[in-house]
Amino acid sequence: MKRFAAVTLAALMLLTVFASAASAADSVEIRGPVFNGSNIDDIVGDGITIDATQFAAFYYDIDDNVTTETLSIKNVSGNSGNVIGEGGIVYSTKIQQVDYEYEKPSIGWDNYSLLGFFADKYIPLKSNSADKLAKLVLDSDDKYTVRTGETLDLGQGYSLQAKQVDVDGNKVWLEFDKDGEYVDDEIIDVGEGDSTWDVELDDIQDEDDVTVMKVHVNQVFQGAVDSIAQIEGIWLIDYANAIKIESDDEFGDLDDVSINGDTLNITNEDTFTLTRDSTNELAEGLSFKVADTSSNILRFYLAKEITEPGTYEVRGSVASGAANWDASNFAGFYYDLNDNVETENLSVSKLNGNVIGEGGLVYTTSIKDVDYEYYKPSIGWDQYPVIGFFAEEYIPLKSNSADKLAKLVLDSDDKYTVRTGETLDLGEGYSLQAKQVDVDGEKVWLEFDKDGEYVDDEIIDVGEDDSTWDVELDDIQDEDDVTVLKVHVNQVFQGAVDSIAQIEGIWLIDYANAIKIESDDEFGELDDVSIQGDTLKISNGDTFTLTRDSDQDIAEGMSFKIADTSTSDLRYYPFVTRIVGNETTNTSVKPIGNVSVDENLTTPSDNITTPTPEDVNATTPETPEATTPEPTENATTPEKESPGFGVVLGLVGLLGVVYLVRRNN
């Protein structure tokens, strides 16, 4: 029995090790609809407008069905070829009213003014003027318990302290701080009709009586041991960094500012060129991403790259009834801009009220061919088959069959320099080692490893016409001769000090975790699987209810978000979540274009008698190093990653297990 306990403990410690090593991306790109034509005049026509229903980065409130932002490309005289003329790009945003998350109209928690500003959520200091803005930090209806003497971190340096609770347990003395410095305080009586504290400050961008925070105290508790305040309802703006927008301000290439009451318009005074095969910065994190096409084809989309660590929601267009989503209206689905390739589709039919009938929810995906990033058809780097599978990029093990798939790990045309003896981390446990360079500096001996274990090796001669190494393996989901890695060695250098291989062109699949899809498989609520050659179709065998005011899982990380509406109304959209940086200690989801409601707060509790001080002082996680190889100009010695605390704890636990087993023996 003791030995069983020791083995169980070992397994738990190993799980701790692996859980702590979860990886995340460095960024997530949110894209708008794709525009495709021969030139800008052909695309624009009488004008095009992108709003939050098409571009998931713009602010959108599904419950109130509120949008504020649009980006338009106008038909102006200067439009020509791939050039947008002066005044042809117009960014516009208008103040709207939205409900507080803690909605209690009878005590002043009804609605507030809001303005989306370049895909961030801002609050106007004056409800009818778009010229003075502060970013929204928090809008929450969660419950938080705070002991006297504790501090509740609200984010962006703002915090609340519970100073004291009165002996009768009816009042609490709260203090509001910024960066540890006193701002204001108040004694709140929960016995009164309204136990809300409205913090109003003066001289915020020359405005007085600005409400910068609202706090509703739900209960106060004076116990024999602890004095506790339960807070339910917090709203806060970043007043310390409020901005004033003036007519001569410039926002990237948008530099002609017009403020008309509650509306802000910004246009381009100069022409804007959509340079092919590039990301063209527009303003405040917004860009136009343009395909690598010939001069008689122009294809592009609006994009926003998110780099701030967090868990983000990438959504599709909003529907109110039967609907259909593909890569053009669901930014989560796989899309290749250069080849104009999409593979996935999600459709809803047989909708009765908010219930999707059997077979009415259908996911379909098909194999398509795309170019390698390192595109050299003359030496075998032309195209490869790809298939989007629940918003992830997969490679079919057989080019004409969608039943056996492996996730794409890497497709790169970057240059990497590797010294002999060094290891190039390719991600997901795969790596390349430069073992040796020959004395003539023409050949390099490479080794391919998985989790530090040998897989294959090859001597590549750069003097040959094709210095590509195709790693082919057998018995990958019962398939033989599967190409799992392609590496092109560009140059080899044998110096007096260093021996170096320059790699340009890497393609890799996660063959070790390849999957086989069969007709009796189930994917969440999608359990009716049909495989027809290069096409995979999965539908619901049972009814699917779009429960209002909830997130409903579909399959494999894909979900529906359904608005909090009346039974006569229905509003919903599909979404997937993407993690940027290290979010292992914070699972709150940030809707793109919205502000996270609890990214720096304590864990909410519905039981005021069991608060956790450690949660109250939760810290923001650090961003880890990227696992994808970084291009380098010069060969450098790679640094070994330091183990995280989870790994250390796992090792300590394993040592403890060894001790227990040895003692029991």
Side-chain angles (χ1 to χ4, degrees), residues 30 32 44 47-61 64-76 84-99 111-137 139 204-212 235-272 280-288 302-304 306 591-595:
I30 310 302
V44 170
I48 55 178
T49 297
I50 306 165
D51 62 18
T53 66
Q54 303 162 294
F55 184 37
F58 281 163
Y59 168 75
Y60 177 69
D61 185 299
D64 295 324
N65 195 27
V66 168
T67 68
T68 84
E69 300 171 88
T70 63
L71 186 83
S72 301
I73 304 178
K74 303 291 187 181
N75 183 359
V76 295
I84 301 173
E86 298 174 12
I89 304 173
V90 180
Y91 172 79
S92 182
T93 185
K94 182 177 181 179
I95 296 172
Q96 303 286 355
Q97 300 296 310
V98 296
D99 294 339
N111 55 53
Y112 60 94
S113 300
L114 175 143
L115 186 79
F117 185 58
F118 288 112
D120 278 319
K121 193 172 181 181
Y122 279 79
I123 306 303
L125 302 187
K126 296 181 293 183
S127 62
N128 59 352
S129 181
D131 63 337
K132 297 177 181 179
L133 310 173
K135 189 174 287 189
L136 182 67
V137 177
D139 179 15
I204 309 299
Q205 286 292 345
D206 299 322
E207 297 295 330
D208 294 337
D209 301 322
V210 176
T211 300
V212 301
W235 181 91
L236 170 67
I237 65 173
D238 188 10
Y239 70 87
N241 296 296
I243 60 174
K244 181 179 181 180
I245 300 171
E246 298 180 298
S247 58
D248 59 351
D249 285 341
E250 296 182 3
F251 300 90
D253 282 282
L254 299 180
D255 47 11
D256 187 359
V257 178
S258 171
I259 305 167
N260 295 302
D262 62 356
T263 302
L264 174 64
N265 291 311
I266 317 175
T267 64
N268 59 315
E269 283 190 341
D270 299 316
T271 59
F272 186 93
N280 300 269
E281 296 289 340
L282 182 61
E284 304 296 304
L286 297 183
S287 304
F288 284 117
L302 181 64
K304 183 178 177 71
I306 308 295
I592 302 295
N594 291 7
V595 173

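Just so you know, these numbers use all the heavy atoms, side chains as well, and skip hydrogens, waters and symmetry mates. All residue numbers in this chain count up from 1 along the given sequence. Computed from a predicted structure; not experimentally measured.
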Value rounded to 0.5 Å, distance of [atom1] in [X] from [atom2] in [Y]:
X	Y	atom1	atom2	value
Ser127	Leu115	OG	CG	12.0 Å
Leu136	Ile123	CG	CD1	4.5 Å
Glu86	Phe272	CD	CZ	14.0 Å
Lys244	Ile204	NZ	CD1	14.0 Å
Tyr91	Thr267	OH	OG1	13.5 Å
Asp209	Leu125	CG	CG	12.0 Å

Check: Is it true that the side chains of Asn265 and Ser92 contain a donor and an acceptor less than 3.5 Å apart?
Finding: yes
Note to self: Any donor-acceptor pair under 3.5 Å linking the side-chain atoms of Ser247 with those of Asp249?
What the structure shows: no
Within the distance-only criterion (no hydrogens, no angle test), does the side chain of [X] pair as donor or acceptor with the backbone N or O of [Y] below 3.5 angstrom?
X	Y	answer
Asn75	Val44	no
Asp262	Asn128	no
Thr93	Gly116	yes
Asp131	Ile245	no

Quick one: closest heavy-atom pair of [X] and [Y], and the distance?
X	Y	result
Ala52	Thr67	CB-CG2, 3.6 Å
Leu264	Val257	CD1-CG1, 3.8 Å
Asp253	Glu281	OD2-O, 3.3 Å
Thr263	Lys94	OG1-CG, 3.5 Å
Ile50	Gln54	CA-OE1, 3.2 Å
Ser129	Pro124	O-CB, 3.5 Å

Next item on the list: Tell me whether the centres of the aromatic rings in Tyr122 and Tyr59 are closer together than 6.0 Å.
Entry: no
Checklist line | Centroid-centroid under 6.0 Å between Phe117 and Phe58 rings | finding: no
Between [X] and [Y], is any pair of side-chain heavy atoms under 4.5 Å apart?
X	Y	value
Asp64	Gln97	no
Gln96	Leu114	no
Asp256	Phe251	no
Ile266	Val90	no
Leu71	Ile89	yes
Lys132	Glu207	yes

Next item on the list: Show your reasoning for whether side chain to side chain donor-acceptor pair (under 3.5 Å) applies to Thr49 and Thr70.
Entry: CA-CA 7 Å; Thr49 297; Thr70 63; 6.0 Å; no
Next item on the list: Apply the test side chain to side chain donor-acceptor pair (under 3.5 Å) to residues Asn65 and Tyr60: give CA-CA distance (whole Å), side-chain angles for both, the deciding distance (0.1 Å), then the verdict.
Entry: CA-CA 7 Å; Asn65 195 27; Tyr60 177 69; 2.8 Å; yes
Next item on the list: Report the C-alpha separation of Phe288 and Leu302 in whole Å, then their side-chain angles, then the decisive distance to 0.1 Å, and conclude whether the side chain to side chain contact (heavy atoms under 4.5 Å, CB included) test is met.
Entry: CA-CA 5 Å; Phe288 284 117; Leu302 181 64; 4.0 Å; yes
Next item on the list: Walk me through it: do Asn280 and Ser287 pass the test side chain to side chain contact (heavy atoms under 4.5 Å, CB included)?
Entry: CA-CA 5 Å; Asn280 300 269; Ser287 304; 5.9 Å; no
Note to self: Could you work out, with side chain to side chain donor-acceptor pair (under 3.5 Å) as the rule, every residue matching Thr271, not counting sequence neighbours?
What the structure shows: none
Note to self: What I want to find out is whether Lys135 reaches Asp120 closely enough, with some N-O distance under 4.0 Å, to be called a salt bridge.
What the structure shows: yes
Margin query: Which residue is it: Asp139, Ile237, Thr211? I am looking for the one with a side chain to side chain contact (heavy atoms under 4.5 Å, CB included) to Tyr112.
Written below: Asp139
